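Below, chains carry the letters A, B, ... as their sequence lines are ordered, and counting in each starts from 1. Treat the numbers as computed from the prediction; the structure is a model and nothing was measured.
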Number of protein chains: 2
Amino acid sequence: MPRSKFISDLHWVREGQQSRSQKTQEALLDAAEALFSDQGADATCVADVARRAGCSVGAVYHHFRDKKALLYALFDRMSEQKSATAREALDPSRWKGASVADILHAYLEFSLATARERPAFMRAGLEASRNDPALLEHLADLHRETNAGLTRLLLAREPEIGHPEPKVAIGFVLDQLAAMMKTRLDNILMPTELSAISDDQFIDETLRSACGYLQVPMPKRDD
Amino acid sequence: MPRSKFISDLHWVREGQQSRSQKTQEALLDAAEALFSDQGADATCVADVARRAGCSVGAVYHHFRDKKALLYALFDRMSEQKSATAREALDPSRWKGASVADILHAYLEFSLATARERPAFMRAGLEASRNDPALLEHLADLHRETNAGLTRLLLAREPEIGHPEPKVAIGFVLDQLAAMMKTRLDNILMPTELSAISDDQFIDETLRSACGYLQVPMPKRDD
DNA sequence: ATTATCTATAGATCTATAGATAATGC
DNA sequence: ATTATCTATAGATCTATAGATAATGC
């Protein structure tokens with residue numbers, strides 16, 4: 001009985017009958033999230049997840065069909081949260097009177113902040129999806145959903161944009177921003193100048209670059 | 001007897017006495033490179049490397065202290081090649097009369113082309129370096145070396161640059177380009193709009209963005 | 001009575017080594 | 001005689017299950 005897109009017959013999660021079940025499941029998901037984020041799913045063994053959740057290996061397999069089902073359930077939980085947040089944040093009525101630059105600025109700040117809460121989770125997801133096209137497709141869907149919402153907001157402000165092809169430019173700039181944030185967050189690993197500067201400075205320069213490309217005015221600030 | 005920075009007492013590679021040795025070592029490195037790139041080092045077992053190289057597991061351990069030494073030797077080989085190419089390509093005398101835009105354009109084209117030859121090798125390296133600070137440091141050095149060369153070329157053209165702080169801007173823009181290429185190459189995995197466009201279009205838009213940010217003229221082309 | 005948990009372990013997989021066999025080159 | 005290779009396997013680690021034990025809630 002699939003509860004959502006990540007949970008199929010193949011990757012079932014048991015629907016508990018007792019109240020204990022939910023607690024254990026959530027403890028397991030929390031433990032898995034922490035460990036998978038930190039080391040990747042492959043490098044984490046089921047026994048470690050169980051230990052961290054304070055239960056036994058047997059309990060893990062009582063609740064989740066196998067290790068992969070645990071991973072899927074995890075992404076399910078995260079994608080629910082992320083979708084809900086995005087839907088709310090990207091509601092056009094929230095952005096009356098906001099400029100293109102305002103929206104991009106808010107997007108950068110928000111994404112950096114939330115990504116920092118789950119430092120390496122996305123990377124772990126991409127790694128895991130390497131041998132799992134279905135998982136990859138789910139992650140891509142999630143990304144597309146957010147992108148579509150942002151694109152809608154920006155397209156509504158087309159007259160602001162000086163770039164000759166606003167549609168192309170919007171697609172490009174959103175991917176550019178995503179690429180830069182991904183690299184900055186990853187680059188705890190591979191330090192470049194991008195990680196030497198502060199978040200504020202990073203957002204500032206990134207925004208300056210994006211506004212220059214789109215040919216929209218920067219948000220007024222220091223002058 | 002360390003032959004180079006990657007090869008220490010801990011990660012030795014045997015100096016062969018017979019001519020067979022070199023052939024086998026290179027076959028093993030080639031096999032490892034292909035498999036590590038494709039699946040990551042963790043997901044590749046030594047037996048697979050041996051099979052692909054057409055020799056036995058025992059032979060692997062005759063030549064390399066352990067699996068990690070094989071990985072180190074691989075990066076050693078790659079970093080030698082990359083350093084040499086970079087030194088040659090970034091020689092200032094080659095770029096007499098070239099504009100900032102010309103240099104960035106060449107850099108984008110060249111990096112994309114060479115990265116495509118070894119599609120996922122850098123990613124495999126970053127993954128492997130997660131639990132190996134020394135390897136990470138070597139990779140960072142390699143990156144810094146190229147970056148320093150490029151920075152030198154661009155700083156020599158400081159008067160061209162309209163951005164109020166050319167030094168900051170150069171550092172930022174180089175990291176931006178690296179981030180975008182990394183994402184584009186990785187995104188065989190996570191398709192965004194960046195991977196939907198052609199390489200030429202990608203280079204074109206990326207260059208347009210970079211020139212806009214730096215406030216340098218675009219290279220003349222279609223008008 | 002049913003559901004959840006635990007303990008113990010079978011089976012798979014992988015790294016690394018020991019010891020036997022084959023090739024090289026002085 | 002020395003170096004390189006191969007075969008076979010010990011030891012470590014991890015997934016998943018079987019069967020015993022404990023907790024829940026009708």
Side-chain angles (χ1 to χ4, degrees), chain A residues 1 9-32 35-36 38-74 124 127-128 131-132 135, chain B residues 1 9-32 35-36 38-74 124 127-128 131-132 135:
Chain A
M1 50 201 75
D9 287 347
L10 274 174
H11 306 292
W12 56 254
V13 173
R14 194 182 295 272
E15 302 267 4
Q17 310 292 95
Q18 297 180 8
S19 66
R20 288 189 289 173
S21 278
Q22 206 184 334
K23 259 187 198 157
T24 308
Q25 278 193 16
E26 255 152 49
L28 284 168
L29 288 174
D30 290 342
L35 294 170
F36 289 3
D38 197 41
Q39 323 167 336
D42 281 346
T44 305
C45 74
V46 175
D48 283 343
V49 177
R51 194 173 2 253
R52 180 164 180 138
C55 67
S56 71
V57 172
V60 178
Y61 286 95
H62 177 75
H63 289 287
F64 302 92
R65 183 198 167 100
D66 54 19
K67 195 181 170 186
K68 184 175 273 186
L70 184 58
L71 185 68
Y72 270 59
L74 207 49
E127 258 167 53
N131 296 312
D132 187 340
L135 182 55
Chain B
M1 49 202 76
D9 287 346
L10 274 174
H11 308 290
W12 56 255
V13 173
R14 193 182 297 270
E15 302 267 4
Q17 312 290 97
Q18 297 180 10
S19 67
R20 291 188 288 172
S21 277
Q22 205 184 336
K23 259 187 197 161
T24 308
Q25 279 192 16
E26 254 152 49
L28 284 169
L29 288 174
D30 290 341
L35 294 171
F36 290 1
D38 197 41
Q39 322 166 337
D42 282 345
T44 305
C45 74
V46 174
D48 282 343
V49 177
R51 192 172 5 251
R52 180 163 182 139
C55 66
S56 71
V57 172
V60 178
Y61 285 96
H62 177 74
H63 290 285
F64 302 92
R65 183 200 167 100
D66 54 20
K67 196 181 169 188
K68 183 173 274 186
L70 183 58
L71 185 67
Y72 270 59
L74 206 48
E127 256 166 56
N131 296 313
D132 188 339
L135 181 54

Trainee: In residues 59-68 of chain A, what residues come within less than 4.0 Å of DNA chain C, judged by heavy atoms?
Mentor: A:A59, A:H62, A:H63
Trainee: For A:Y72, what residues pass the ring-ring contact (aromatic ring centres under 6.0 Å, His included) criterion, not counting sequence neighbours?
Mentor: A:H11
Trainee: Side chain to side chain contact (heavy atoms under 4.5 Å, CB included), that's the test. Do A:L29 and A:F64 meet it? Break it down for me.
Mentor: CA-CA 10 Å; A:L29 288 174; A:F64 302 92; 4.1 Å; yes
Trainee: Of the non-hydrogen atoms in A:Y61 and A:W12, which two are nearest, and what is the gap between them?
Mentor: O-CH2, 4.2 Å
Trainee: Give me the atom names and distance for the closest heavy-atom approach of A:L10 to A:R65.
Mentor: O-CD, 2.6 Å
Trainee: Per the end-axis method with five pairs at each terminus, what is the bend angle of the helix from C:dA1-D:dT24 to C:dT24-D:dA1, to 10°?
Mentor: 0°
Trainee: Judged by each residue's nearest nucleotide on DNA chain D, which is more toward the 5′ side, A:A47 or B:C55?
Mentor: B:C55
Trainee: Applying side chain to side chain contact (heavy atoms under 4.5 Å, CB included) to B:L71 and B:L135, what does each step give before you reach the verdict?
Mentor: CA-CA 10 Å; B:L71 185 67; B:L135 181 54; 3.9 Å; yes
Trainee: Are B:L70 and B:V49 close enough, and set up right, to give a side chain to side chain contact (heavy atoms under 4.5 Å, CB included), and what steps lead you there?
Mentor: CA-CA 10 Å; B:L70 183 58; B:V49 177; 4.1 Å; yes
Trainee: Identify, between A:Q18 and B:V46, the residue whose nearest nucleotide on DNA chain C lies closer to the 5' end.
Mentor: A:Q18
Trainee: Quick check for you: to the nearest 0.5 Å, what is the distance between A:D48 atom CG and A:Q39 atom CD?
Mentor: 6.5 Å
Trainee: So if I apply the side-chain contact (heavy atoms from CB on, under 4.5 Å) rule between A:V46 and each of A:D66, A:V60, A:L28, which one comes out positive?
Mentor: A:V60
Trainee: I want to confirm an ordering. Mapping B:R20 and B:C45 to their closest nucleotides on DNA chain C, which one lands closer to the 5' end?
Mentor: B:C45
Trainee: With B:D38, which residues qualify under side chain to side chain donor-acceptor pair (under 3.5 Å), at least two apart?
Mentor: none
Trainee: My understanding is that only residues two or more places apart in sequence, or in another chain, count here; which of them pass side chain to side chain donor-acceptor pair (under 3.5 Å) with A:Q18?
Mentor: A:R20
Trainee: Under 4.0 Å from any heavy atom of chain A: name the first and the last nucleotide of DNA chain D that qualifies, 5' to 3'.
Mentor: D:dC14 to D:dG25
